Amino acid sequence: MADANPSPASVTQPAGATGVLVLANGEIAWGRGFGAEGQAVGEVCFHTAMTGYQEIMTDPSFAGQIITFTFPHIGNVGANPDDVEADMPHALGMIVREDVTAPSSFRSVERLDGWMKRHARIGLSGIDTRALTRRIRTGGAPNGVVAHSPTGDFDIPMLLEMARGWPGLEGMDLAKQVTTETHYGWGDTREGGVWRLGFGYGATQAGDRPHVVAIDYGSKHNIFRNLVQAGAKVSVVPATASFDQVMALKPDGIFLSNGPGDPAATGEYAVPVIRQLLDTKLPLFGICLGHQLLGLALGATTTKMFQGHRGANHPVKRLGDGTVEITSMNHGFAVERESLPAGVTETHVSLFDGSNAGIEIDGGRAFSVQYHPEASPGPQDSFYLFERFVGMLR
């Protein structure tokens, strides 16, 4: 990373640089741009997964963020219409070590750089991602701007001002930006169950199934596929749905999805609804942001993490029996263990830093986890949670 406090005259642009990362503290990294042209400002984070870059880029939980991939060979399997978790990318851009190469997967239908350009997302290659990751680990996730200009023309003072002027994720409600606009039944117009090689996505199975109403704060598609796989019928409602709108669908259980932003900000409108839903005694299951919102509804507090957890290899200990699950994680906020009220039990903890990774109301009627049991990408150690939830509805 270059001079932390540059003046415009001190910024030396190397020959051939068509992309640049400018952090709010003045640090600069030059590289080669790909994908869309222009600039994007957000929080710069890192992700350690070795696979699933399409799933990561389309995860709505990454709204407002620029992803640094620690795995160097991003783009080597191309892009296809199946490996997505939303209808469009929600991450603002990506930072990678090596240039995007021609794809080497039979499932690819286009190059990653072409996919990024088609979806108006900026990429930056040629960056020392190891150094950038270390900087985030020691200094926290910074605000920054990633920019791409094929001609190499950049207004560094303007980009620095953009980075410094961005307010940051703390206090920011992003769920309203990524949620569905209308209620719909999963499987009516979209794929139903989980994907299998040679078969694609399984159709929603016929028959009498328990009905889950999922509140979409920025959900990943694979969550709904796993609920279907576990035996449920799923209806999806917007993040702003009222208690009456949810109950009008006659749910057997309630699901609280993942999503981006500060849970305290989203909780301004979500928590009162969740508290009403808890009063119905219906089974309730939450993931990631849904976990944090359940914690807030029960009287706990949340806090912004220093660097967050983003990867597909996070070990989590299940306190009930000591089992260790390898999980997929993506969050920058956490429920504070010390704030959990009486009647709420901590069920899982991160073995990386000891932070809370799961809670349950005594009696098991409502529970949630901080990690992503649906994976995509990542391991499938935690599918039992979907089976447990759907089993409670029968």
Side-chain angles (χ1 to χ4, degrees), residues 60-61 169-176 178-180 212-219 223 227 234-249 251-305 319 330-349 355-373 385-386 388-389 392-393:
S61 295
L169 291 178
E170 196 162 8
M172 187 176 291
D173 171 35
L174 293 175
K176 289 180 180 177
V178 300
T179 187
T180 179
V212 173
V213 172
I215 303 180
D216 173 18
Y217 303 111
S219 57
I223 292 175
L227 286 169
V234 180
S235 294
V236 185
V237 297
T240 54
S242 68
F243 171 76
D244 290 339
Q245 288 173 323
V246 172
M247 295 306 296
L249 298 175
D252 297 307
I254 305 297
F255 175 78
L256 309 178
S257 87
N258 64 295
D262 188 337
T266 303
E268 292 292 328
Y269 56 87
V271 163
V273 175
I274 296 171
R275 286 175 174 160
Q276 288 180 288
L277 292 169
L278 288 169
D279 287 341
T280 67
K281 309 300 183 183
L282 288 170
L284 186 147
F285 176 30
I287 287 175
C288 199
L289 178 60
H291 162 74
Q292 297 158 1
L293 292 173
L294 176 61
L296 291 172
L298 294 171
T301 57
T302 57
T303 186
K304 181 80 161 63
M305 303 177 76
L319 298 179
N330 170 21
H331 61 277
F333 293 82
V335 174
E336 294 186 306
R337 171 184 299 107
E338 296 76 11
S339 69
L340 292 174
V344 179
T345 299
E346 182 175 50
T347 58
H348 300 74
V349 296
S355 60
N356 173 264
I359 60 174
E360 177 177 302
I361 293 180
D362 291 355
R365 177 176 49 82
F367 65 98
S368 60
V369 292
Q370 181 61 79
Y371 53 93
H372 284 263
L385 292 168
F386 294 102
R388 175 191 171 189
F389 175 56
M392 293 165 63
L393 313 181

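When reading the values below, keep in mind they use all heavy atoms of this one structure, side chains included, and skip hydrogens, waters and symmetry mates. For clarity, every value in this text was computed on a predicted model and none was experimentally measured.
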- Item | By side-chain contact (heavy atoms from CB on, under 4.5 Å) - contacts of T301 (at least two apart) | E336, S339

- Are any side-chain N or O atoms of R365 and backbone N or O atoms of L278, one a donor and one an acceptor, separated by less than 3.5 Å? yes

- Please tell me if the side chains of F367 and I361 come closer than 4.5 Å, counting only heavy atoms from C-beta onward. no

- Item | Straight-line distance of D262 CG to L174 CG, nearest 0.5 Å | 9.5 Å

- Identified side chain to side chain contact (heavy atoms under 4.5 Å, CB included) partner of D216 from the options V178, V236, V237, N258: V236

- Note on the structure: salt bridge (charged side-chain N to carboxylate O under 4.0 Å, His left out) filter on R275, not counting sequence neighbours, yields none

- Message: Which residues pass the side-chain hydrogen bond (donor to acceptor under 3.5 Å, both in side chains) test with Q276, not counting sequence neighbours?
- Response: none

- Scan for side chain to side chain donor-acceptor pair (under 3.5 Å) pairs involving residues 279-298, sequence neighbours excluded, and state none if there are none. H291-N356, H291-S368, Q292-Q370

- Could I get the full list of ring pair (Phe, Tyr, Trp, His ring centres under 6.0 Å) partners for F255, not counting sequence neighbours? F285

- Indicate yes or no: at least one non-hydrogen side-chain atom of V344 is less than 4.5 angstrom from one of E360. no

- Please lay out, stage by stage, how H331 and S61 fare under the test side chain to side chain contact (heavy atoms under 4.5 Å, CB included). CA-CA 8 Å; H331 61 277; S61 295; over 6 Å; no

- Message: I'd like to check M247 versus L277 (side-chain heavy atoms, cut-off strictly below 4.5 Å). Are they in contact?
- Response: yes

- Message: For the residue pair K176 and Y217, would you count it as a cation-pi contact if the rule is NZ or CZ under 6.0 angstrom from the ring centre and within 45 degrees of the ring axis?
- Response: no

- Evaluate the criterion side chain to side chain contact (heavy atoms under 4.5 Å, CB included) for residue pair L298 and I274; output intermediate values, then yes/no. CA-CA 9 Å; L298 294 171; I274 296 171; over 6 Å; no

- Query: Roughly how far, to the nearest 0.5 Å, is the CG atom of L385 from the CG atom of L227?
  - Reply: 11.0 Å

- Which heavy-atom pair separates L249 from S235 by the least distance, and what is that distance? CD1-CB, 4.3 Å

- Task: State the CG-SG distance between N330 and C288, to the nearest 0.5 angstrom.
- Result: 6.0 Å

- Note on the structure: In terms of heavy-atom contacts, T302 and A264 come closest through OG1-N, 4.3 Å

- Task: Measure across M392 and G364 and return the closest heavy-atom pair with its distance rounded to 0.1 Å.
- Result: CE-O, 3.1 Å

- Query: How long is the span from the CD1 atom in I215 to the CG atom in L256, to the nearest 0.5 Å?
  - Reply: 5.5 Å

- Message: Has E268 got a side-chain atom pairing as donor or acceptor with A265's backbone, closer than 3.5 angstrom?
- Response: no

- Item | Side chain proximity check, T345 to I359, heavy atoms < 4.5 angstrom | no

- Item | Minimum heavy-atom distance between G259 and L289, given as atom pair plus value | N-CB, 3.5 Å

- Item | Partners meeting ring pair (Phe, Tyr, Trp, His ring centres under 6.0 Å) with H348 (sequence neighbours left out) | Y371

- Task: Could you check V335 against L340 for side chain to side chain contact (heavy atoms under 4.5 Å, CB included), going step by step and ending with a plain yes or no?
- Result: CA-CA 8 Å; V335 174; L340 292 174; 4.0 Å; yes

- Query: Can you find a heavy atom in the side chain of P263 that is under 4.5 Å from one in the side chain of L296?
  - Reply: yes

- Minimum heavy-atom distance P238-T179, with the two atoms named: CA-OG1, 3.4 Å

- Item | Point-to-point distance, once rounded to the nearest 0.5 Å, from OG1 of T240 to CG of D173 | 10.0 Å

- Message: What I'd like to find out is whether the side chain of V212 reaches to under 4.5 Å of the side chain of D252, using heavy atoms alone.
- Response: no

- Note on the structure: Here the pair of heavy atoms bringing L293 nearest to A270 is CD1-CB, 4.1 Å

